[in-house]
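When a residue number appears, it is its place in the shown sequence, counting from 1.
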Amino acid sequence: TTWAQNAPIESLFNRFKTAKSFKVEFSSEGENYTLISQGKLFNLTSNPVDVIFDGTDLYTFNKKSNEMLIERLSGYSILTNPINLFTLNLKDFNITKDKEIYILTPKLGTHLGIDRAEITMQNGSTIKSMDIVPSGMYPITFTLKTITYDITPSPNIFKFNKSSYPKVEIIDLR
């Protein structure tokens with residue numbers, strides 16, 4: 001695949017990387033999600049879970065079980081850090097293109113936590129959906145609804161406030 005064929009997807013991922021912040025609304029497996037990111041910090045909200053990353057610790061609130069899991073985020077994982085979905089380093093992948101679909105497979109020797117990603121573009125300029133195959137798992141489809149760059153999120157959304165979660169069982173694995 002030539003650079004010209006990859007230019008639209010490279011431009012899109014570079015836009016995520018250079019934005020001060022971004023907000024993405026998407027759906028996956030019947031649930032709606034909102035991801036707000038500023039630098040390395042993120043806040044992911046949905047019906048089943050809320051996830052906050054304050055730069056050091058990952059706070060995952062499971063609404064069904066009423067539990068808050070706290071752990072250190074280390075390493076590269078799309079499953080624990082959704083920012084990685086939108087800031088992939090395309091140099092780590094072999095890229096093939098079939099119409100509006102870009103197929104990314106990690107280059108030999110890279111350990112990115114995924115076996116493959118298929119990114120479907122819409123009108124050649126925006127991401128319509130992403131099918132991600134985490135290592136050793138089944139594909140997960142993310143359908144993007146809206147993308148907004150350079151928003152001004154409240155700094156409080158990236159902090160765990162215990163008073164916002166009364167009567168929650170906290171499981172601290174730090």
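- To the nearest 0.5 angstrom, E67 atom CD is 4.0 Å from I171 atom CD1.
- F158 and F42 have their aromatic ring centers separated by at least 6.0 angstrom.
- Looking at R15 and D150, a side-chain N of the basic residue comes within less than 4.0 Å of a carboxylate O on the acidic one, giving a salt bridge.
- A donor-acceptor pair is defined here as one N or O able to donate and one able to accept, closer than 3.5 Å; such a pair exists between the side chain of N43 and the backbone of I157.
- Across all their heavy atoms, S21 and I151 have their closest contact at OG-O, 2.5 Å.
- Ring geometry, F16 versus F22: the interplanar angle exceeds 60°, so the pair is classed perpendicular (tilted spans 30 to 60°).
- Within the 4.5 Å cutoff, no side-chain heavy atoms of T96 are placed close to those of Y102.
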Subject >> Residue pair I119, F13: steps toward the side chain to side chain contact (heavy atoms under 4.5 Å, CB included) verdict >> reply: CA-CA 11 Å; I119 300 169; F13 277 93; 3.5 Å; yes
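- Heavy-atom neighbours of K63 NZ from other residues, nucleotides or ligands within 6.0 Å: above the threshold of 12.
- Taking the six-membered ring where tryptophan is involved, the planes of F160 and Y59 are essentially parallel, since the angle between them stays under 30° and well short of 60°.
- Side-chain atoms of S46 and E31 form no donor-acceptor pair, as typed in the model, at a separation below 3.5 Å.
- Taking CD1 from I132 and CG from L85, the interatomic distance works out to 5.5 Å, rounded to the nearest 0.5 Å.
- In the hydrophobic clustering of this structure, I83 groups with Y149; members are Ile, Leu, Val, Met, Phe, Trp, Tyr whose side-chain heavy atoms approach within less than 4.5 Å, directly or through other members.
- Taking all atoms of both residues into account, the shortest heavy-atom contact from P153 to I36 is CB-CG2, 3.8 Å.
- More than 12 non-hydrogen atoms from other residues, nucleotides or ligands lie less than 6.0 angstrom from NZ of K17.
- The closest donor-acceptor contact from the side chain of N66 to the backbone of K167 lies under 3.5 Å.
- Atom CE of M68 is separated from atom CD of E169 by 12.0 Å, given to the nearest 0.5 angstrom.
- You'll find the side chain of L90 reaches within 4.5 Å of the side chain of L104, heavy atoms only.
- I101 shares a hydrophobic cluster with I103; the chain of contacts runs through ILVMFWY side chains whose heavy atoms sit under 4.5 Å apart.
- A distance-only check finds no donor-acceptor pair linking the side chain of T126 to the backbone of Q122 [under 3.5 Å].
- S28 places a side-chain N or O within donor-acceptor distance of the main-chain N or O of T141, the cut-off being under 3.5 Å.
- Residues passing the salt bridge (charged side-chain N to carboxylate O under 4.0 Å, His left out) test with D172, sequence neighbours excluded: R174.
- With hydrogens and angles disregarded, no donor-acceptor distance shorter than 3.5 Å links the side chain of T34 to the backbone of E25.
- A heavy-atom distance below 4.5 Å is not found between the side chains of F61 and V49.
- Checking side-chain atoms of K107 against main-chain N and O of K91 turns up a donor-acceptor pair under 3.5 Å.
- At a cut-off of 3.5 Å, with distance as the only test, a side-chain donor of N32 or K145 sits close to an acceptor on the other residue.
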